[in-house]
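One structure is given here, and the rest of the page talks about it.
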Amino acid sequence: MVETTFGKGCHLHLIDGSAFIFRAYHALPPLTRKSDGLPIGAVAGFCNMLHRYVEGNTGPDAPTHVAVIFDKGSHTFRNDMYDLYKANREAMPEDLRPQMPLTRRATEAFNIACKELEGFEADDIIATLSCQAREAGGRVTIISSDKDLMQLVGDGVEMLDAMKNRRIDRDGVIEKFGVGPDRVVDVQALAGDSVDNVPGAPGIGIKTAALLINEFGDLETLLDRAGEIKQPKRRQTLIDMRDQIELSKRLVQLDCDTPLDFGLDDLEVRDPDPDTLLSFLAEMEFRTLSRRIADQLGAEAPVIEDKVAPPTDTDAPEAPSFSDATYTCVHDAETLQDWIDQIRERGWVAVDTETTGLNEMIADLVGISLCVEAGRACYIPLIHKAAATDDLFGSDDLAEGQMAPQTVLNLLKPVLEDPAILKIGQNMKYDAKIFARQGIEVAPIDDTMLLSYAMHAGLHNHGMDTLSERYLGHTPIPIKPLLGSGKSAITFDKVPVDKATEYAAEDADITLRLWQTFKPQLHRNQVTTVYETLERPLVPVLAQMEMHGVKIDRDTLSRMSNAFAQKMAGLEAEIHDLAGETFNVGSPKQLGEILFDKMGIEGGKRGKTGAYATGVDVLEDLATEHDLPARVLDWRQLSKLKSTYTDALQTHINPDTGRVHTSYSIAGASTGRLASTDPNLQNIPVRTEEGRRIREAFVAEPGNVLVSLDYSQIELRILAHIANIPALKQAFADGLDIHAMTASEMFDVPLDEMTPDIRRQAKAINFGVIYGISGFGLARNLRIPRSQAQGFIDRYFERFPGIRTYMDDTKAFAKEHGFVQTLFGRKIHTPEINAKGPRASFAYRAAINAPIQGTAADVIRRAMIRMPAAIDGLPARMLLQVHDELLFEVAETAVDDIIARARDIMENAADPAVRLDVKLTVDAGQGANWAQAH
DNA sequence: GACATCACG
DNA sequence: GACGTACGTGATGTCC
């Protein structure tokens with residue numbers, strides 16, 4: 001064996017182990033080992049990350065040496081200097097503690113050096129090794145995003161933020177700290193660090209600290225010459241706090257002389273030993289990962305017993321790997337009958353449809369795939385085209401070996417409609433609508449997308465690719481190579497049947513496996529009721545609404561488009577005239593240059609791309625002094641209305657039905673709200689008179705009217721209930737104007753002396769509270785000084801102390817559990833709540849808002865689910881949902897009846913699951929079009 | 001495909 | 001007094 005010595009040409013990777021663990025812990029749901037319930041989620045995530053890391057180690061940046069560095073014990077030499085060091089750290093979560101030693105074992109199993117040292121932080125070991133490697137002439141990459149490590153950067157040492165895949169070099173450090181790596185400790189000593197509880201100098205942040213250090217050169221000089229600082233407050237702080245600042249510096253200064261009992265040469269990259277690694281993974285019962293790694297190492301996957309300590313209600317046998325799956329193509333009735341027999345035997349089937357497009361109101365059914373057992377699925381092609389006879393044109397002839405579509409549908413219909421057989425799908429609303437157009441009412445259903453949504457909202461999206469990747473460790477066959485992209489893209493019926501079979505059958509296979517994974521987890525996550533009462537029953541309701549569509553009058557839109565075009569042309573000429581040159585008014589970039597460079601208007605602010613900001617706020621300010629921005633604002637409004645509404649809506653009118661069919665995504669918004677797409681009918685203009693007229697194009701069929709019912713102040717009512725604010729509850733009970741009441745309470749103005757302006761401010765505050773209020777945000781919204789806004793907020797909390805409590809409690813709950821909940825038990829995960837910096841503030845405000853917005857979303861979902869039965873037999877259809885509004889199309893004779901029944905359902909939608917302290921009230925309107933009904 | 005802008009609750 | 005801020009969405013046009 002050749003002795004190698006670390007030196008020039010060597011590349012050392014140092015992985016911050018704790019960072020990996022915490023990221024893994026927060027990224028994954030609380031998984032447990034099947035056989036004994038040992039919490040194992042963080043270890044699983046840690047192993048996945050290590051595996052991904054090892055896989056990515058190719059090319060010129062590949063390391064020659066590597067180690068994972070961990071913290072050991074909570075008491076370090078820094079605690080001897082300062083007993084409050086890291087004193088505000090939250091305790092380690094209970095279910096993470098037992099996983100810590102396992103992450104060490106995992107590292108060893110991957111045959112990666114695993115280092116820790118009692119009394120020292122991982123950062124010190126990383127510092128020591130970095131220094132040694134640098135002196136030996138080698139290169140170092142520190143895999144971490146901890147800013148404390150930035151002092152080590154330079155002379156061949158870089159950091160790599162694995163999350164963002166971003167390298168941080170000297171320039172990156174300067175960007176973050178305003179000084180080079182050698183002065184980072186000086187800045188940190190002054191700025192302190194609330195996360196590690198390093199005191200620093202009160203009143204000085206990173207910006208100020210960098211300014212001072214750059215002026216004086218280094219911390220010692222600064223402290224010696226502190227008397228020269230101009231700002232009196234700052235000068236005094238530095239003089240008074242000298243000891244504390246010097247202590248802070250010793251706290252943040254990493255130790256490059258940690259006594260290590262190993263050397264760089266001990267960290268050489270080694271291949272893992274397959275037996276050791278696989279037996280560890282088997283012990284942890286990581287089925288997917290061990291299968292995958294076994295494949296890559298060319299070894300046999302270990303057998304993992306499927307014994308379960310607490311019995312669960314699934315009987316999923318160990319699934320074969322995807323590479324061993326059998327996917328067959330069904331060509332004849334006997335084979336299909338065989339599959340149907342198997343479905344009847346089991347009582348369930350995973351179904352997936354392939355079609356010619358994504359719009360289920362237009363797309364044709366191309367084929368159907370079925371799966372009854374993980375690893376065994378079939379595809380039934382229906383209208384695939386024969387292979388092209390030449391290279392230019394596809395054939396119009398059908399490919400051979402396909403059963404007649406009607407024969408297949410006739411055989412499947414009894415199964416798909418059988419109430420005793422569960423149909424499992426991923427985004428079942430899509431497939432249900434495709435089948436509905438073939439006269440098949442699919443029921444009952446389960447939906448893996450919605451199962452995931454109930455359990456994982458806020459963690460990730462719920463598309464099949466994401467779910468398969470995350471929960472099955474398998475990347476599905478991508479559709480892109482099959483269909484191509486851009487102009488040359490083909491539809492699925494042009495895909496050769498053999499390729500289509502592989503793709504389509506796999507989708508059904510994945511869906512079944514996801515279902516087998518998710519279904520038993522539902523009750524463990526305590527979201528069974530959410531799934532059963534708020535998600536699953538909504539599917540047929542939305543499918544009906546979408547298929548029915550809303551009538552839109554093309555002529556009205558077309559006339560408006562023309563009128564807008566004329567007005568825009570006039571404005572454009574005026575704008576060019578004012579600018580003294582022609583330019584593209586629709587280009588913010590060009591507009592910014594005209595305003596701030598050519599015309600020389602002061603106060604232009606550049607965004608992150610370097611272009612001037614020209615948003616509506618900016619232009620409104622400029623419009624008080626200048627004509628051009630005022631014209632641009634008018635032009636922009638018209639342009640928006642024309643392109644997004646009057647033009648685009650016309651293209652969405654379905655030629656068969658003459659109506660517009662939106663599609664609601666049930667699992668799109670994390671809070672439980674629906675989202676409307678293709679087209680979005682939840683953002684039709686209403687706030688301006690000109691925009692509102694677009695709603696005149698939404699009309700009822702002859703003899704019918706549109707009826708709109710909307711919840712009045714539902715989010716504030718829910719806030720009053722959740723935060724338990726007696727004054728707000730009383731105001732709602734008395735039917736008061738809630739914003740006026742707030743204003744009166746806050747500003748001590750009697751209700752009968754209320755002015756519109758005071759009320760407007762109170763209204764902004766009320767909304768601010770729902771959004772997780774901040775002084776800055778309120779100040780910007782009301783265009784008042786920040787100090788005044790903060791004063792409003794303080795006063796609000798004083799008058800309604802329950803709000804403060806609600807916000808604090810919600811934050812604490814989110815920090816502890818990683819999610820918040822609606823009144824109906826819907827969970828919204830907040831993985832970033834324990835992050836550092838601005839991301840945490842974002843997560844905090846979202847966590848405040850989610851239970852309120854989410855509860856309102858749950859309420860209207862409940863109303864919608866009950867609505868079909870409530871209006872059954874009446875000549876009325878529910879058409880649209882806009883978060884707190886439902887729009888109906890109703891025969892003129894039934895209007896009063898519908899309003900009464902729908903209102904009753906909506907106002908009592910929370911019952912009986914939740915008894916609200918505040919009653920919900922619903923306003924109703926009716927008319928020939930949506931503008932009148934609203 | 002990212003970004004800026006703007007429509008809604 | 002420092003991160004950079006209102007919460008949740010989708011569609012459009014520009015520009016690279």
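In what follows, every chain begins at residue 1, and chains take the letters A, B, ... in the order their sequences are listed. Source: prediction; values computed, not measured.
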Discussion item. With a sphere of 6.0 Å drawn around CZ of A/Arg839, does it hold more than 12 non-hydrogen atoms of other residues, nucleotides or ligands?
Written reply: no

Discussion item. Measure NZ/A/Lys811 against C1'/C/dT5 and give the value in whole Å, please.
Written reply: 14 Å

Taking only distance into account, with no hydrogens and no angle test, what donor-acceptor pairs under 3.5 Å do side-chain atoms of residues 766-778 of chain A form with protein atoms, sequence neighbours excluded?
| from | atom 1 | to | atom 2 | distance (Å) |
| --- | --- | --- | --- | --- |
| A/Asn766 | OD1 | A/Tyr796 | OH | 3.0 |
| A/Asn766 | ND2 | A/His739 | ND1 | 3.0 |
| A/Asn766 | ND2 | A/Thr742 | OG1 | 3.0 |
| A/Ser774 | OG | A/Gly777 | N | 3.0 |

Practice prompt. Establish, from distance only, whether the side-chain atoms of A/Thr662 and A/Glu546 form a donor-acceptor pair under 3.5 Å.
Written response: no

Worksheet entry | Separation of atom CD1 in A/Ile694 from atom P in C/dA11, rounded to whole Å | 16 Å

Practice prompt. Answer yes or no: does a side-chain N or O of A/Thr237 lie under 4.0 Å from OP1 or OP2 of C/dG1?
Written response: no

Worksheet entry | d(CG, A/Leu681; C1', C/dT9) in whole Å | 14 Å

Worksheet item: Do A/Pro851 and A/Gln821 come within less than 4.5 Å of each other through their side chains, counting heavy atoms only?
Response: no

Worksheet item: What string of B, S and - do you get for nucleotides 2-9 of chain B 5' to 3' if you count protein non-hydrogen atoms under 4.0 Å?
Response: -SSSBBBB

Discussion item. Is it the case that atom NZ in A/Lys605 sees more than 12 heavy atoms from other parts of the structure closer than 6.0 Å?
Written reply: no

Fill in: Atom pair distance, as rounded to whole Å: CD1 in A/Ile770 and P in C/dG8
13 Å

Fill in: Nearest-Å distance for atom pair CG/P, residues A/Asn766 and C/dC7
17 Å

Item to complete: With the side chain of A/Ala764 defined as its heavy atoms from C-beta on, choose the nearest nucleotide among C/dC15, C/dA6, C/dG8.
Response: C/dA6

Fill in: Between C/dG1 (P) and A/Leu212 (CG): distance, integer Å
14 Å

Worksheet item: Below 4.0 angstrom from OP1 or OP2 of C/dC15, is there any side-chain N or O of A/Ser587?
Response: yes

Worksheet item: Does A/Lys233 make a side-chain N or O approach to OP1 or OP2 of C/dG1 shorter than 4.0 Å?
Response: yes

Worksheet, complete the sentence: Given Watson-Crick and G-U pairs under 3.5 Å, DNA chain C in dot-bracket ([ ] crossing, | other strand) is ......|||||||||.

Worksheet item: For A/Ile793 and C/dT5, what is the distance between atoms CD1 and C1' respectively, to the nearest whole Å?
Response: 11 Å

Discussion item. Closest approach to the side chain of A/Arg845, judged atom by atom: which nucleotide of C/dG8, C/dT14, C/dC7 is it?
Written reply: C/dC7

Worksheet item: What nucleotide among C/dG10, C/dA6, C/dA11 has an atom nearest to a side-chain atom of A/Ile773?
Response: C/dA6

Practice prompt. Round to the nearest Å and state the distance from A/Ile666 atom CD1 to C/dT9 atom P.
Written response: 16 Å

